[in-house]
Amino acid sequence: MISNFAASGVNPGHLTYFRFCGRVIALALMHRVQINVLFSLAFFKQLAGLSVSWNDIRDADPELYESCRKILLMDDEEIDSDVLGLTFIYEEEQLGIMKTIELCPGGKDIMVDSKNRSIYVEYMVQQRFVTCVIEQVKSFAQGFSELMTSGNIEHFLKGLDPEDFDSVLHGNNQDIGLEDWKLHTEYHEYDQSDEQIIWFWQVSN
């Protein structure tokens with residue numbers, strides 16, 4: 001979920017939409033309703049107030065992840081020969097229009113070499129997954145936090161691993177542990193020996 005919303009600004013009310021989405025997700029969690037939504041690791045870490053690195057984008061953008069990995073693994077002499085022809089710019093298409101963004105002042109004139117390639121990769125990932133969607137992420141977090149009684153979304157997520165959060169939000173495909181379910185079931189106005197309860201466990205088996 002939410003890999004790149006840079007083009008959402010075409011709609012003047014787009015930030016209201018992200019705030020609304022945050023509120024819906026928070027309501028689902030509050031009422032223990034599992035929904036078919038998965039957060040990318042990069043998005044989760046932004047909401048949790050954590051930094052995003054190139055290793056975090058593997059699922060959200062496999063192509064960019066692989067490009068970053070290859071640049072970092074290239075032989076020093078090969079990359080210094082300017083075989084890639086890269087400078088500190090980021091190009092992206094938004095609604096059919098190609099935009100060129102300098103990753104740092106004078107970036108179009110700075111060649112990527114063996115000494116600065118790790119910085120280049122870091123800047124690329126920050127532009128793609130953080131800088132260009134910072135307002136959208138902030139609006140989502142605001143909507144989510146408005147319904148939280150125990151603090152904001154950053155405080156809430158710092159106590160969870162991404163996998164745990166996905167399991168709470170989306171559920172998983174693992175089989176239900178029937179014996180564990182039985183062990184932790186509380187009966188109100190019924191007893192474990194009642195016929196209806198026996199039928200329920202038979203059907204669930």
Side-chain angles (χ1 to χ4, degrees), residues 1-9 14-73 88-92 94 101-105 107 112 116-172 174:
M1 178 182 178
I2 306 185
S3 58
N4 189 355
F5 292 129
S8 70
H14 70 124
L15 295 181
T16 302
Y17 167 79
F18 287 102
R19 183 178 172 185
F20 172 76
C21 288
R23 292 172 66 90
V24 170
I25 297 295
L27 276 173
L29 289 172
M30 289 168 61
H31 295 284
R32 300 182 181 181
V33 175
Q34 293 182 339
I35 54 180
N36 190 27
V37 172
L38 290 174
F39 284 18
S40 71
L41 179 57
F43 183 53
F44 175 92
K45 292 187 75 170
Q46 287 182 75
L47 293 175
L50 303 172
S51 60
V52 178
S53 73
W54 72 275
N55 277 308
D56 300 323
I57 69 171
R58 185 171 190 169
D59 294 330
D61 193 334
E63 186 175 336
L64 180 58
Y65 168 83
E66 192 61 27
S67 295
C68 291
R69 191 183 71 85
K70 287 180 178 178
I71 290 171
L72 293 173
L73 291 177
F88 275 63
I89 62 171
Y90 174 71
E91 294 182 327
E92 67 177 5
Q94 291 186 11
I101 301 167
E102 287 191 321
L103 298 174
C104 62
V112 176
N116 63 23
R117 57 178 161 184
S118 61
I119 298 174
Y120 168 77
V121 165
E122 179 185 341
Y123 285 178
M124 280 283 289
V125 170
Q126 290 302 305
Q127 175 61 37
R128 170 74 168 83
F129 286 93
V130 180
T131 305
C132 69
V133 294
I134 192 168
E135 292 301 323
Q136 292 91 326
V137 172
K138 187 185 298 182
S139 294
F140 182 96
Q142 180 185 1
F144 190 102
S145 299
E146 285 171 351
L147 298 184
M148 297 296 294
T149 58
S150 58
N152 58 27
I153 189 172
E154 184 175 318
H155 175 78
F156 174 75
L157 292 180
K158 277 189 175 178
L160 293 173
D161 290 328
E163 295 78 12
D164 295 333
F165 183 70
D166 282 341
S167 294
V168 172
L169 191 63
H170 180 261
N172 55 48
Q174 295 178 355

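For Phe43 and Phe129, the gap between ring centers reaches or exceeds 6.0 Å.
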query: Would Ser53 and Glu122 satisfy side-chain contact (heavy atoms from CB on, under 4.5 Å), going step by step from the backbone distance to the final call?
result: CA-CA 7 Å; Ser53 73; Glu122 179 185 341; over 6 Å; no

task: Report the C-alpha distance between Asp59 and Ser40 in whole Å, list the side-chain angles of each, state the deciding distance to 0.1 Å, and finish with yes or no for side-chain contact (heavy atoms from CB on, under 4.5 Å).
output: CA-CA 7 Å; Asp59 294 330; Ser40 71; 5.8 Å; no

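Separating the CD atom in Gln136 from the SG atom in Cys21 is a distance of 11.5 Å, to the nearest 0.5 Å. Rounding to the nearest 0.5 angstrom, the gap separating the CE atom in Met124 from the CG atom in Leu103 is 6.5 Å. Leu29 contributes atom CG, which lies 5.0 Å from atom CZ of Phe144 (distance to the nearest 0.5 angstrom).
Few gaps surround CZ on Phe88; more than 12 heavy atoms of other groups in view lie less than 6.0 Å from it. The environment of Tyr65 atom OH is dense: over 12 non-hydrogen atoms of other residues, nucleotides or ligands sit within 6.0 angstrom.
Side-chain N or O atoms of Asn116 include none that pairs as donor or acceptor with a backbone N or O of Ile119 at under 3.5 Å.
The heavy-atom pair separating Gln127 from Cys132 by the smallest distance is O-SG, 3.1 Å. Closest non-hydrogen pair, Tyr90 versus Glu92, comes out as CE2-OE1, 3.2 Å. Heavy-atom minimum distance, Ile71 versus Arg117: O-NH1, 3.0 Å.
Here the side chains of Val137 and Phe18 are not in contact, with every heavy-atom distance at 4.5 Å or above. With contacts defined as side-chain heavy-atom distances shorter than 4.5 Å, the pair Ser118/Leu72 qualifies. Taking the side chain as every heavy atom from C-beta outward, Trp54 and Arg69 approach each other to under 4.5 Å.
Here Arg58 pairs with nothing under the salt bridge (Lys or Arg N to Asp or Glu O under 4.0 Å) rule; sequence neighbours left out. For Leu41, the side-chain contact (heavy atoms from CB on, under 4.5 Å) partners two or more places apart in sequence, or in a different chain, are Lys45, Asp56, Pro162. Under the salt bridge (Lys or Arg N to Asp or Glu O under 4.0 Å) criterion, Glu135 pairs with Lys138, sequence neighbours left out. Among residues two or more places apart in sequence or in another chain, the salt bridge (Lys or Arg N to Asp or Glu O under 4.0 Å) test is passed with Glu146 by Arg19, Arg23. Residues satisfying the side-chain contact (heavy atoms from CB on, under 4.5 Å) criterion with Val130, sequence neighbours excluded, are Gln46, Val52, Gln126. Under the side-chain contact (heavy atoms from CB on, under 4.5 Å) criterion, Glu91 pairs with Ile89, Met98, Thr100, not counting sequence neighbours.
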